[in-house]
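Numbers restart at 1 for each chain; the letters A, B, ... are given by sequence-line order, proteins then strands.
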2 protein chains.
Amino acid sequence: MKKDKKVALEKAGWRVGSVRDFLGLSKAEEALVELKLTLSRSLRERRARRRLSQHQLAKLLGSSQSRVAKMEAGDPTVTIDLLVRSLLAMGTTQRELAQAIAAKSR
Amino acid sequence: MKKDKKVALEKAGWRVGSVRDFLGLSKAEEALVELKLTLSRSLRERRARRRLSQHQLAKLLGSSQSRVAKMEAGDPTVTIDLLVRSLLAMGTTQRELAQAIAAKSR
DNA sequence: CGAATATATGTCAGAACAGACATATAGTCA
DNA sequence: TGACTATATGTCTGTTCTGACATATATTCG
């Protein structure tokens with residue numbers, strides 16, 4: 001894992017490799033966090049492309065500005081579910097979603 | 001989406017074929033259900049490929065046989081988060097995940 | 001500077017989900 | 001048939017997530 005990424009993860013409050021005693025799980029957790037970051041960035045990009053404020057997007061999603069901020073910040077309390085639902089609600093297709101995930105967004 | 005709507009949808013048999021908006025699902029909800037089905041299938045395929053029983057996989061994931069069954073059945077109580085975490089725990093890479101999502105089935 | 005706007009952060013009650021367990025169903029084989 | 005194995009389904013309870021709210025921190029503009 002790259003240093004800046006690890007810093008970003010720690011900043012977001014993640015404790016990598018601490019939970020279960022299953023061998024591959026810490027690696028899986030890492031992958032999960034990466035995926036979340038990918039989706040976070042994708043969400044922010046799409047919002048920016050539409051020139052929506054967090055407040056406007058929140059209204060569109062039936063959520064709140066603070067939660068949108070947390071989605072984009074990769075906050076640990078935000079699930080992939082919420083991120084994906086938000087992306088889909090913005091009109092992202094499954095294929096586009098796949099592309100975003102594949103690209104890992106940089 | 002409301003849970004009772006999802007339940008009603010399942011009762012109507014949406015798992016077998018194309019998901020349509022005959023119950024008034026929005027495009028985003030439709031896409032979400034499709035995505036979950038895609039991930040469900042992918043999970044089942046990967047488990048089958050490894051010749052693991054649901055019980056074995058459950059133990060590997062730190063979960064239970066019943067939850068694995070629900071994951072594969074696309075049960076409404078199963079989130080995308082759980083599906084993705086399971087796939088990643090099985091060693092699926094982000095790129096492979098993207099491919100699975102892009103393919104939609106198969 | 002102060003007002004306006006956008007974004008970030010912390011907290012909390014209620015809602016949704018998780019694993020676990022019991023149990024049902026289905027297939028296999030002796 | 002009955003024992004065995006795999007999978008499906010229903011439900012419970014503790015845990016986690018969510019939207020909402022308050023509030024802090026930019027940033028812009030007059």
Side-chain angles (χ1 to χ4, degrees), chain A residues 8 10-15 18-22 25 28-29 32-33 35-37 39-41 43-89, chain B residues 1-11 13 15-16 28-29 32-33 36-37 39-41 43-89:
Chain A
E10 286 168 354
K11 185 191 168 199
W14 294 95
R15 293 160 303 169
S18 63
V19 183
R20 294 183 200 276
D21 45 17
F22 167 58
L25 204 54
E29 284 180 348
L32 188 75
V33 173
L35 178 59
K36 282 177 72 168
L37 289 177
L39 296 175
S40 292
R41 292 192 207 98
L43 184 68
R44 172 160 292 187
E45 281 166 18
R46 283 168 192 278
R47 179 176 65 84
R49 205 169 298 148
R50 290 197 186 184
R51 309 200 195 289
L52 294 172
S53 68
Q54 290 182 347
H55 181 76
Q56 287 173 313
L57 176 57
K59 190 166 287 182
L60 195 75
L61 300 175
S63 182
S64 61
Q65 178 269 326
S66 60
R67 191 132 293 274
V68 172
K70 281 164 198 188
M71 286 191 227
E72 295 184 351
D75 188 284
T77 70
V78 173
T79 59
I80 289 181
D81 255 90
L82 184 59
L83 287 166
V84 168
R85 283 205 310 272
S86 300
L87 284 167
L88 294 179
Chain B
M1 170 161 38
K2 295 289 182 288
K3 182 179 285 183
D4 55 358
K5 182 181 289 184
K6 274 189 177 177
V7 170
L9 191 58
E10 283 193 325
K11 292 282 197 286
R15 89 179 57 173
V16 292
E29 287 170 339
L32 189 73
V33 172
K36 281 177 72 168
L37 288 178
L39 297 175
S40 292
R41 290 193 211 98
L43 183 68
R44 172 161 291 187
E45 281 165 18
R46 281 169 191 278
R47 179 175 66 83
R49 206 167 298 149
R50 292 198 186 182
R51 305 192 196 288
L52 294 172
S53 69
Q54 290 182 347
H55 180 76
Q56 287 173 313
L57 176 58
K59 190 166 288 184
L60 196 73
L61 299 175
S63 182
S64 61
Q65 178 270 325
S66 60
R67 191 133 293 271
V68 172
K70 282 165 200 193
M71 286 190 228
E72 293 184 351
D75 188 284
T77 70
V78 173
T79 60
I80 289 181
D81 258 89
L82 184 60
L83 288 165
V84 168
R85 281 206 310 272
S86 300
L87 284 167
L88 294 179

Contact check, side chains of B:Met71 and B:Leu61, non-hydrogen atoms, under 4.5 Å: yes
Pair B:Val33-B:Glu29, side chain to side chain contact (heavy atoms under 4.5 Å, CB included): steps then yes or no: CA-CA 6 Å; B:Val33 172; B:Glu29 287 170 339; 5.6 Å; no
A:Arg51 CZ - C:dA6 P separation (whole Å): 14 Å
Spacing between A:Arg44 atom CZ and C:dA6 atom P, to the nearest angstrom: 15 Å
Nearest-Å distance for atom pair NE2/P, residues A:His55 and C:dA8: 15 Å
Length of the NZ-P vector between B:Lys59 and C:dC21, whole Å: 12 Å
Nucleic acid footprint by protein, nucleotides 14-23 of chain D - heavy-atom cut-off 4.0 Å, B for base, S for sugar-phosphate alone: ---SBBBB--
Residues forming a salt bridge (Lys or Arg N to Asp or Glu O under 4.0 Å) with B:Arg44, sequence neighbours excluded: B:Glu72
Closest non-hydrogen atom pair, A:Ala58 against A:Gln65: CB-N, 3.5 Å
d(CD, A:Gln54; P, D:dT25) in whole Å: 17 Å
Interatomic distance where CG belongs to B:Asp75 and C1' belongs to C:dA18 [whole Å]: 12 Å
Atom pairs, N/O to N/O, protein against nucleotides 26-30 of chain C, distance under 3.5 Å?
none

Student check: side-chain heavy atoms of A:Arg67 and A:Leu82 closer than 4.5 Å: yes
Any A:Arg47 side-chain N or O less than 4.0 Å from OP1/OP2 of C:dA6: no
A:Leu35 side chain near A:Leu83 side chain, heavy-atom distance below 4.5 Å: no
Check: A:Val78 main-chain N/O paired with A:Lys36 side-chain donor or acceptor under 3.5 Å: yes
A:Thr79 side chain near B:Thr79 side chain, heavy-atom distance below 4.5 Å: no
